[in-house]
Amino acid sequence: MELQKNLERIILIELLVPLTLFIFGAYHGVMQVMYQSGVIRATSFAGIDYYQGLTAHGVINAIVLTTFFAVALGAAVVSYELKSRVSIAGATLALILMLLGAVMAAAMIFMGKASVLYTFYPPLMAHPLFYVGLALFIVGSWVPFWTWIPVYIRWRKENPGRKTPMGVVGIFATFIVWQLATLPVAFEVLAQLLPWSLGWTPGVNVMLSRTLFWFFGHPLVYFWLLPTYVLYYTMLPNLAGGKLFSDFAGRFTFMTLILLSCPLGLHHQFADPGISTSSKGFQGVLTLMVAIPSLLTAFTLAASLELAARGRGGKGLFGWWKNLPYFDPQVWLFPYLFCGLVIFLFGGITGIVNASYSMNNVVHNTAWIPAHFHLTVGGPVFLGILGGSLLLITGLLKKPVVSRTMALTVPYVWMVGTFVFSSGFFLGGLRGEPRRTNLGLTYMNPASPSYRPDWWLATHMGLLGGCIMGLAVLLYFIVLVRSLAAAPDAALAQAPFSLPTSKPYHDEDIAAVQNFTPWVAAAVLLCVVSYYAPVRDIVKNGITTAPGFRPDNPAAVSTAH
Amino acid sequence: MAINVLERRALMGAIAFVAVSLGLIAYATWGLGINVPTCIPLGTKPFDQASVTKHDGKNYEVHFVARMWAFEPAVLRVPTGSTLDIYAVTKDVTHGFLIAGTNVNLMLVPGAVANGRVHFSKPGIYNIVCHEYCGKGHQAMNAQIEVSDQIADYSVEGIPASAGLKLLDEKGCLACHTVDGSARIGPTFKGAWGTTLHLADGSTRTFDAALFEQKIHDPTAFAVTGYPPVMPPIPLTDDEIKQIEAYLEGLQN
């Protein structure tokens with residue numbers, strides 16, 4: 001079927017605007033490894049301060065790009081899979097709010113008024129418009145989901161007894177998690193940070209802010225991951241030439257991620273004061289539970305690939321690995337998803353280290369952490385966004401993907417880059433190298449008393465890996481621009497818009513994973529159980545409020561009017 | 001319809017993996033005694049002055065103060081085999097506190113006190129790095145703990161004294177007067193404020209602001225019994241006099 005024309009336009013804007021902003025985000029990714037390895041020994045380069053660029057890198061890549069992609073993919077999947085029209089008014093309102101918010105926040109960052117990183121921890125204080133921008137962006141991203149709910153309810157009434165399409169299950173899981181997770185951070189931004197940055201309140205309870213932020217911050221990583229899971233569960237088996245091994249595994253994974261996304265953000269605060277070890281321990285146990293859907297996903301996707309490979313003539317216990325379309329230009333999307341999975345294997349294992357309670361003492365806030373999340377959000381998620389965007393953009397414009405060999409090279413180059421980069425950062429982290437620090441000025445400067453020669457190898461592996469990642473991004477943009485410039489394909493123009501959706505091999509009918517309501521109710525309940533004690537401790541222990549500070553001045557911002 | 005048998009095994013395997021991991025974490029926490037920081041229900045305001053207190057043997061309680069962009073103390077030297085109970089606070093934004101090579105990894109959050117314990121069984125230099133972005137000078141924010149076989153007791157650098165004490169030092173006052181109760185050419189300042197002084201001319205006067213200011217402006221006006229009248233004129237501004245008086249007043253007990 002064809003999508004609504006206006007919806008197609010909105011989806012294209014939602015994909016192309018953040019990809020354009022991403023040029024800056026990626027640029028400062030490469031710049032960062034230069035500063036950190038001491039290639040650049042300065043506070044700023046080409047007019048952008050290190051921490052200003054770092055803020056842009058985090059906000060653009062981890063929030064703006066990922067959220068726009070989720071909204072765009074969601075609109076395409078819901079409309080295509082349910083064969084239904086969705087609200088154009090809702091989609092337009094969302095687009096306007098999100099664009100306005102993103103532009104506002106980006107403007108403050110580029111004007112140097114919001115060098116507070118993407119975690120924007122108080123009492124570092126940004127310009128009020130930065131917080132307004134974030135709030136508009138988040139609220140805007142809620143709107144499309146609200147308009148999809150009645151569409152889905154109508155579909156269920158009109159299709160009694162039919163299973164919800166897997167893609168729709170995944171997209172709804174994505175936005176249920178997002179809705180639940182963003183409420184506390186919206187409260188933090190609107191009730192705490194915005195009035196405080198305007199000088200209306202003298203101080204902010206920083207522990208409460210951090211806790212609200214991480215209630216959002218951890219499910220944020222599942223919000224990044226879930227759209228990629230949609231691609232894995234609905235498209236990967238088909239691209240490999242086979243079927244999804246188990247329909248149940250996909251539904252079970254999406255439902256358990258609804259349950260286990262929010263009530264475990266405290267594992268980012270294991271090192272924080274003011275929260276009891278019992279609260280931290282409880283959420284630590286919940287965190288490890290996420291390994292169950294993750295390992296089941298690993299099994300199911302590997303089984304689906306094996307099924308496909310054997311269908312293509314693969315033989316032997318391990319020999320079938322050779323029979324997958326790693327370099328087939330016809331399925332250029334396959335390596336984006338496949339390489340993402342390979343990277344994610346290591347992202348998952350190192351994530352278990354972070355989550356393992358006392359082991360976190362060794363790695364908390366060191367370079368180990370960015371090493372880990374460049375193998376998750378920087379691995380499967382990012383490659384899913386690149387591949388998915390190229391698929392949607394060319395599919396909607398009815399244009400061919402030009403330079404397919406280059407297109408399928410991108411994920412392999414990226415994979416090599418992330419492995420080199422992250423190996424270096426893991427090594428540095430274990431040696432106490434701090435994350436997000438302009439190391440070149442001090443720790444990687446032989447002239448400084450703080451010089452740490454034992455971090456040389458780590459930072460220079462980061463430099464090499466980061467440059468390879470930069471090369472992959474460059475190749476991607478060559479493919480994207482050439483494809484955009486290509487003439488629409490006459491044959492493609494005849495065919496209706498379609499997504500390469502897989503069929504299930506084992507199509508189990510298990511009622512427990514077919515209905516969202518009990519899972520959402522359980523998730524809300526678990527959040528209350530999980531967060532009641534730490535929030536009570538923070539409020540009861542009478543933690544004092546803090547005045548604001550600008551990043552360049554050790555004296556507090558005067559809030560007197 | 002039941003789920004596939006291979007899939008059921010994979011699910012069981014995943015559950016077993018989680019169970020084993022949790023068992024290992026429990027062993028690390030209770031068996032090896034490695035835990036994460038917890039609440040310190042102080043109920044009082046966090047301290048704002050760095051300090052080191054020696055308890056018994058080689059047990060020290062160290063109060064670290066973090067600020068943009070330094071730790072106080074900047075250098076702490078302790079003998080090998082010392083155990084440090086560390087309490088740390090921030091005076092401004094959120095800072096990080098990682099002693100590399102140990103299990104002490106803390107966030108210093110405004111309004112709360114962070115706590116950790118570390119035992120140094122091997123000599124060496126242990127670097128403390130601020131690992132949370134705290135503004136433009138973040139990359140220069142670090143400190144050191146030097147653990148050595150060669151020393152018997154602790155020493156520190158980088159705990160700034162109060163302004164008054166700093167002035168007494170800079171203006172040379174401490175050449176003749178001490179702040180620890182011991183005697184030099186002149187009387188000690190310790191516990192002197194508010195007491196009655198016996199002067200060389202036989203009279204008695206209270207050590208107060210009026211007496212102190214008279215002595216500064218006219219050093220030969222009077223002398224305390226038992227001490228030679230050798231005090232030189234000391235050029236001090238009114239502000240500086242006030243700062244020293246505030247410090248001396250605090251030295252009463």
Side-chain angles (χ1 to χ4, degrees), chain A residues 43 51 117 121 123-124 205-207 210 246 248-249 270-277 280 285 288-289 291-292 295-296 299 303 352 356-362 364-366 431-432 434-439 441-443 450 506 508-510 537 541-546 549 551-552 554 556, chain B residues 1-4 6-7 10-11 13-15 17-18 21-22 24-25 28-29 32 34-43 45-46 67-69 92-94 96 98-101 103-115 127 129-140 142:
Chain A
T43 54
Y51 295 106
L117 309 193
Y121 291 142
L124 283 175
N205 183 330
V206 179
M207 272 310 303
R210 290 172 68 80
S246 159
F248 164 77
F270 280 155
D272 275 21
I275 299 172
S276 70
T277 46
K280 291 174 179 173
V285 172
L288 274 183
M289 298 291 177
I292 295 172
L295 289 172
L296 189 64
F299 166 79
I352 290 169
S356 291
Y357 197 64
S358 38
M359 214 192 287
N360 184 266
N361 288 342
V362 180
H364 174 77
N365 250 1
T366 67
R431 292 180 174 182
R435 67 186 283 198
R436 46 193 197 184
T437 301
N438 189 354
L439 300 168
L441 280 175
T442 50
Y443 300 114
S450 304
H506 291 290
E508 306 96 331
D509 196 8
I510 292 170
D537 286 349
N541 277 351
I543 285 172
T544 50
T545 59
F549 290 83
D552 56 356
Chain B
M1 202 194 311
I3 64 170
N4 175 269
L6 292 174
E7 192 176 352
L11 203 53
I15 292 169
F17 172 81
V18 170
S21 300
L22 288 174
L24 289 171
I25 291 169
T29 308
L32 301 176
I34 305 167
N35 213 325
V36 300
T38 187
C39 280
I40 302 179
L42 273 184
K45 271 178 68 180
R67 58 183 168 80
M68 294 158 93
W69 293 285
D92 37 53
V93 300
T94 305
L98 168 65
I99 309 178
N103 288 325
V104 175
N105 192 336
L106 307 171
M107 295 307 299
L108 313 186
V109 181
V113 180
N115 168 233
N127 289 290
V129 170
C130 173
H131 59 40
E132 185 56 80
Y133 169 60
C134 57
K136 283 209 161 150
H138 166 54
Q139 62 280 337
N142 55 57

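A, B, ... follow the sequence lines: proteins, then strands. Residue 1 opens every chain.
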Chemist: Can you tell me which portion of Tyr121(A) sits under 4.5 Å from chain B's heavy atoms? Options are side chain, backbone, both or neither.
Modeler: side chain

Chemist: Which heavy atom of Thr38(B) sits nearest to which heavy atom of Thr277(A), and what is that distance?
Modeler: OG1-N, 3.2 Å

Chemist: Which one of Ala546(A), Ser358(A), Gly432(A) has the most heavy-atom pairs closer than 4.5 Å to chain B?
Modeler: Ser358(A)

Chemist: Quick one: does Lys136(B)'s side chain have a donor or acceptor within less than 3.5 Å of a partner on Thr43(A)'s backbone?
Modeler: no

Chemist: Quick one: are Tyr357(A) and Asn35(B) in side-chain contact, heavy atoms under 4.5 Å?
Modeler: yes

Chemist: For a 4.5 angstrom cut-off between non-hydrogen side-chain atoms, does His138(B) reach Pro551(A)?
Modeler: no

Chemist: Holding to ring pair (Phe, Tyr, Trp, His ring centres under 6.0 Å), I want the full list of residues that pass it with Phe549(A), two or more places apart in sequence or in another chain.
Modeler: none

Chemist: Identify the heavy atoms of Asn142(B) and Ser450(A) that sit nearest to each other, and give their distance.
Modeler: ND2-OG, 3.0 Å

Chemist: Could I get the full list of side-chain hydrogen bond (donor to acceptor under 3.5 Å, both in side chains) partners for His364(A), not counting sequence neighbours?
Modeler: none

Chemist: Of all of Leu288(A), Asn360(A), Leu439(A), Val362(A), which one pairs up most often with chain B through heavy atoms under 4.5 Å apart?
Modeler: Leu288(A)

Chemist: Counting only heavy atoms closer than 4.5 Å, note whether Leu24(B) contacts chain A via side chain, backbone, both or neither.
Modeler: neither

Chemist: With rounding to the nearest 0.5 angstrom, report the CZ to CD distance, Phe299(A) to Glu7(B).
Modeler: 6.0 Å

